Structure formats: structure tokens, C-alpha cells
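Notes for the one structure printed next.
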Amino acid sequence: QVQLVESGGGLVQPGGSLRLSCAASGSIFSIDRMGWYRQAPGKERELVATSTSDGSTNYVDSVKGRFTISRDDAKNTVYLRMNSLKPEDTAVYYCNAILQLRFGALVRYQYWGQGTQVTVSL
């Protein structure tokens, strides 16, 4: 059983910073990709940032230069450092992982965390 457990959300003023963490646990052989999505009220879920096993990262344009994604593969953990936060960053942030569960398996499985609320407001 694989679980993604997020932490680090909260209320912050505009211009402030937060760091989100997401730890994957369970029977995992390797992690192809970990990342963060977000969903604001009345909007569709959107990709925020991803980090793949080859070290490449990807960001939605609206967060480039402000957010940084990083991984600790020894801990199966991904982080999202969010600086210069804006009210439009307010959303529920979801951790996402694409995993290989067994050595040699061709199938990959996608998992989601439960979500953590980030609110940027005075």
C-alpha cells in the first residue's frame, strides 16, 4: 500500500514563503516523477511543478522564478519551496507521484496525496 503524506500548508501574507513536503511510503521500487498540482475554488486542477528521476524539473509559467521543487530520493520525499506568494497562489496543493512498484515492472502507477491548503491573504 503506497501513501503520499503532505505537510506544510497554511496561511501566509502576500510576499511570504512556505515549504510543502510530501513523503511517499509503502512498497516502492523507484519513483519516476514526483510533483505538485493545485486546485483553486471553481477552477480545474493544474500542474505546478514536477521533478523527474533524471533530474529535470518543470514549472507552470505563473510560478517560475518563485517556486522551487526539490527531491530527497533517500527519503522518497519531494519539496516545494514557495517564495513571493501571491493571493492567486491560494489553492489546495496536491502531491503526485508516478511509481514503479517492482523491479522490472513495465507498469507505472500514479498516486495522489490528500491535499494541503495554502491561503495567501492579508
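For clarity, every value in this text was computed on a predicted model and none was experimentally measured.
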Open item on the list: I'd like to know if the side chain of Y37 pairs up with that of R45 as donor and acceptor (distance under 3.5 Å, no hydrogens or angles considered).
Closed with: no
Donor-acceptor under 3.5 Å ([X] side chain, [Y] main chain):
| X | Y | value |
| --- | --- | --- |
| T77 | K75 | yes |
| S84 | G15 | no |
| Q100 | R108 | no |
| Q3 | A24 | no |

Nearest non-hydrogen partners of [X] and [Y], listed with the distance:
| X | Y | result |
| --- | --- | --- |
| Q117 | A91 | NE2-O, 3.4 Å |
| V63 | V48 | CG2-O, 3.8 Å |
| V78 | C95 | CG1-SG, 4.0 Å |
| M34 | R71 | N-NH1, 4.0 Å |
| F67 | Y59 | O-CE2, 3.3 Å |
| S51 | I69 | N-CD1, 3.8 Å |

Linking I/L/V/M/F/W/Y whenever any side-chain heavy atoms sit under 4.5 Å apart, do [X] and [Y] land together?
| X | Y | result |
| --- | --- | --- |
| W36 | V60 | yes |
| Y93 | V12 | yes |
| Y111 | I28 | yes |

Gap separating the [atom1] atom of [X] from the [atom2] atom of [Y], nearest 0.5 angstrom:
| X | Y | atom1 | atom2 | value |
| --- | --- | --- | --- | --- |
| L18 | T116 | CG | OG1 | 9.0 Å |
| I98 | S53 | CD1 | OG | 10.5 Å |
| R38 | L80 | CZ | CG | 9.5 Å |
| S62 | E46 | OG | CD | 5.5 Å |
| N58 | S56 | CG | OG | 8.0 Å |
| N96 | E6 | CG | CD | 10.0 Å |

Task: Test side chain to side chain contact (heavy atoms under 4.5 Å, CB included) applied to D72 and S70, step by step - done: CA-CA 7 Å; D72 184 338; S70 60; over 6 Å; no
Within the structure provided, determine whether [X] and [Y] are in side-chain contact (heavy-atom separation under 4.5 Å).
| X | Y | answer |
| --- | --- | --- |
| V118 | L20 | yes |
| Q13 | S121 | no |
| C22 | V5 | no |

TODO: Could you pull out all residues at least two apart from D61 that satisfy salt bridge (charged side-chain N to carboxylate O under 4.0 Å, His left out)?
DONE: K64
- [ ] Could I get the full list of salt bridge (charged side-chain N to carboxylate O under 4.0 Å, His left out) partners for R66, not counting sequence neighbours?
- [x] D89
Open item on the list: Could you walk me through whether L99 and V2 satisfy the side chain to side chain contact (heavy atoms under 4.5 Å, CB included) test, starting with their C-alpha distance in whole Å, then the side-chain angles of each, then the deciding distance to 0.1 Å, before giving a yes or no?
Closed with: CA-CA 9 Å; L99 309 176; V2 174; 3.5 Å; yes
Task: Evaluation steps, side chain to side chain contact (heavy atoms under 4.5 Å, CB included), between Y109 and L101 - done: CA-CA 8 Å; Y109 294 88; L101 300 185; 3.6 Å; yes
Open item on the list: Is it the case that over 12 heavy atoms from other parts of the model lie below 6.0 angstrom from the CZ atom of F29?
Closed with: yes
TODO: State whether the number of non-hydrogen atoms from other residues, nucleotides or ligands found under 6.0 Å of E44 atom CD is greater than 12.
DONE: no
- [ ] Classify the angle between the aromatic ring planes of W112 and Y94 as parallel (below 30°), tilted (30 to 60°) or perpendicular (above 60°).
- [x] perpendicular
